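Below you'll find the structure, written out as structure tokens, and then a few comments.
Indexing begins at 1, ligand by ligand and atom by atom, following the structure's order. Just so it is clear, the model here is predicted, and its values are computed rather than measured. FYI, the numbering just counts along the sequence from 1.
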Amino acid sequence: MRLVLLGPPGAGKGTQAKQLAEKLDLPHVSTGDLLRENVSQDTNLGREAKNFMNRGLLVPDDIVARMLRQRFNHPDVRRGFILDGYPRNLKQAEGLDAILREQDSLLELVVYLDSSDPVIIQRITGRLVCSNCGLSFHRTNMPPKSEGLCDKCGSRLYQRTDDTEETARKRLEVYKKEACALIEYYQEKGILKCLTADAEAAPVLNNILELVKEYDDSHKK
Ligand code: AMP
């Protein structure tokens with residue numbers, strides 16, 4: 001399955017993508033995670049990206065495209081992937097198609113997770129992320145069993161520097177400018193499915209798995 005999760009920041013793409021990847025035994029590719037890795041390792045790419053990320057702006061397309069192309073050169077994605085955080089605009093969507101075409105493959109499913117603005121802001125500003133495995137928690141919606149520590153690996157949880165209310169509102173504004181064009185692009189290709197993602201994570205995951213099953217069943221015939 002080659003699947004993209006689309007939707008506003010805070011819709012739960014990262015959380016869902018991680019769980020989906022585990023359930024379907026596929027690699028999870030997140031451009032946000034790849035960028036944060038570069039920032040924390042202080043690579044050239046990370047130094048270029050950091051300023052944009054801290055202001056809630058998109059990192060320039062050519063930087064992200066280079067990084068994604070490198071990731072897609074790894075053979076693990078040939079079996080399929082769960083991609084989140086990319087594409088963010090039409091140019092990136094066309095870039096992704098080009099990368100896949102070079103590998104004689106095609107995107108199969110795009111799941112759009114929709115969420116309302118108040119839910120998004122509440123989720124983003126309460127989000128805590130594991131410094132080791134990247135698992136996400138929430139101060140009130142999904143608190144860890146031990147305060148400040150990851151349930152899965154026990155490492156320290158932190159708040160992302162771009163998860164302040166001000167930056168979250170900026171990210172939402174940036175997202176909305178590009179969202180319609182992206183939605184239309186995938187609608188025209190006939191691979192877009194929309195889900196409401198205001199609910200808790202578990203029922204949303206079940207709904208996505210149902211869409212994957214429908215896709216698989218209709219392509220087996
Ligand atoms: P995310 O983890 O997806 O919320 O992304 C965090 C930040 O990384 C975004 O606010 C952007 O600054 C940057 N970023 C992630 N993915 C992309 C992308 N596809 N294009 C440009 N910037 C991105």
Does R36 have a heavy atom less than 4.0 Å from any atom of ligand 1? yes
I need the contact type for L58 against ligand 1. Using non-hydrogen atoms and a strict under-4.0 Å cut-off, is it side chain, backbone, both or neither?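 Both backbone and side chain.
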Distance to 0.1 Å, residue and atom name: give those for the protein heavy atom nearest to atom 8 (O) of ligand 1.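 Checked against all protein heavy atoms, atom 8 (O) of ligand 1 sits closest to M53 CE, 3.6 Å.
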Which protein heavy atom lies closest to atom 22 (N) of ligand 1, and at what distance to 0.1 Å?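 Nearest neighbour among protein heavy atoms for atom 22 (N) of ligand 1, to 0.1 Å: V59 N, 3.0 Å.
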Decide if the gap between the ring center of Y112 and the ring center of Y186 is smaller than 6.0 angstrom. no
Subset of ligand 1 atoms that lie under 4.0 Å from at least one heavy atom of [X]:
X   : answer
T31 : 15 (C), 16 (N), 17 (C), 19 (N)
L57 : 11 (C), 12 (O)
L35 : 8 (O), 13 (C), 14 (N), 15 (C), 23 (C)
Q92 : 18 (C), 19 (N), 20 (N), 21 (C)

With a distance cut-off below 6.0 Å to the six-membered ring centre and an angular limit of 45° from the axis, does R55 pair with F52 as a cation-pi contact?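 Because its charged atom sits under 6.0 Å from the ring centre and within 45° of the axis, R55 does stack over F52.
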M142, L113: one ILVMFWY side-chain cluster at the under-4.5 Å cut-off? no
Is there a continuous path of hydrophobic side-chain contacts, each under 4.5 Å between heavy atoms, that joins M1 to L5?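 Linked, M1 and L5 end up in one cluster.
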So which of R160, K13, K170 gets nearest to atom 4 (O) of ligand 1, if we judge by its closest heavy atom?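 When every heavy atom of R160, K13, K170 is considered, R160 comes closest to atom 4 (O) of ligand 1.
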I want to confirm something. Looking only at heavy atoms, which of R171, R88, R55 is nearest to atom 9 (C) of ligand 1?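 Going through R171, R88, R55 one by one, R88 has the nearest heavy atom to atom 9 (C) of ligand 1.
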[X] bridged to [Y] by N-O distance under 4.0 Å:
X    : Y    : answer
E22  : K18  : no
R66  : D61  : no
D216 : K213 : no
D117 : K176 : yes

Kindly confirm or rule out an N or O of R127 lying under 3.5 angstrom from an N or O of ligand 1. no
